[in-house]
Amino acid sequence: MSASEAKPKSMTRAKQWSDEIENLYRFQTAGYRDEVEYRHVKQVEMVDRWPETGFVKKLQRKDNTFYYYNKQRECEEKEVHKVKVYAY
Amino acid sequence: MVYETSKGTEAGSNSKGKKSDSEGFTVKAMMKNSIVRGPPAAGAFKERPAKPTAFRKFYERGDFPIALEHDTKGNKIAWKVEIEKLDYHHYLPLFFDGLCETTHPYEFFARQGVHDMLEHGGPKILPVIPQLIIPIKNALNIRNRQVICTTLKVLQHLVVSADMVGEALVPYYRQILPIFNIFKNVNINSGDGIDYSQQKRENIGDLIQETLEAFERHGGEDAFINIKYMVPTYESCLLN
């Protein structure tokens, strides 16, 4: 993946909760923009996900520590509007 | 001889017959002018002092593979090692031991550590169950309301954390359930007022009922009769 690909063009805030927003929330609590940046930084092919819900399960942060996420929704209603959606 | 009723003393008509308090079953209690005091409270609901936990010692020594974080919202632990690679026989009992803690940061790390390990442990949890019983029993025995709430929620998580865990807990009901029996009726009768602890899930009576129901649902066919033996007022949520 080239560096130009990893640069987002624009950003909007999430309005409503959805599975995608939930996953973005998980990436952003771990300190990444989204899956694209995570895969770029960590050089991994796949992200660990819960088989039942498809939500992200485990992320390695930039300081190499691990964040673990629940099977169920974690992004509360009051957090939804803080989630950033990047467009490439 | 002075035969006196308590009514007479109250009126203060007879100065000779001053009544005095006394303990029950003593010589003094046999005397006519003594009032026998009731028995003292047994203290079943009284909080017990918490002993220093091994969890605290290990935490302060930095033996846990967790990183302190001050910047996040404060509901996550940053693990230095993958949970999947942790030795559950060593760490899970230690985190359970920390459930007795009531002060930050110990309380948070114990609670969240247990949560993460149960959520991601899968088949590694079952063989450790026998080692978890004593920490659970200790935590409940402190009879601190906050500690009981946390422990009950952990128990509810524990029975659903992996297959057969509910069944594996049945032989240990004798250790865990006596406290349930004591606190089962600790429920606020607020009439038509709002019980705010309900929303925060801090009402012990309700939590115990939920936990017992979770035990029965996941404990297999022997669960109900064993619960009933320790908590006689429990009624099945499956049979009726």
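Chain letters run A, B, ... following the sequence lines, proteins first, then strands; residues in each count from 1.
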Check each atom of B:Ile66 against the heavy atoms of chain A and say whether the ones under 4.5 Å are side chain, backbone, both or neither.
-> neither

Decide yes or no on salt bridge (charged side-chain N to carboxylate O under 4.0 Å, His left out) for B:Glu82 and A:Lys58, but give the supporting numbers first.
-> CA-CA 9 Å; B:Glu82 285 163 278; A:Lys58 178 177 88 175; 2.6 Å; yes

Rounded to the nearest 0.5 Å, the CG atom of B:Asp116 sits from the CZ atom of A:Phe66 at a distance of 13.0 Å

So with a 6.0 Å cut-off around CG of B:Leu239, is the heavy-atom count from everything else above 12?
-> yes

Give a yes or no on this: more than 12 heavy atoms of other residues, nucleotides or ligands lie within 6.0 Å of atom CD of B:Glu221.
-> no

Atom CG of B:Asp163 with >12 non-hydrogen neighbours under 6.0 angstrom | no

With respect to A:Tyr68, which candidate in B:Glu119, B:Glu84, B:Gln112 satisfies the side-chain hydrogen bond (donor to acceptor under 3.5 Å, both in side chains) definition?
-> B:Glu84

How many angstroms lie between CG in A:Asn70 and NE2 in B:His115, if you round to the nearest 0.5 Å?
-> 3.5 Å

More than 12 heavy atoms of other residues, nucleotides or ligands under 6.0 Å from NZ of A:Lys62: is that the case?
-> yes

Report, as yes or no, whether the 6.0 Å neighbourhood of atom CD on A:Glu52 holds more than 12 heavy atoms from other residues, nucleotides or ligands.
-> yes

Between the NZ atom in B:Lys76 and the OG1 atom in A:Thr65, the distance rounded to the nearest 0.5 Å is 12.0 Å

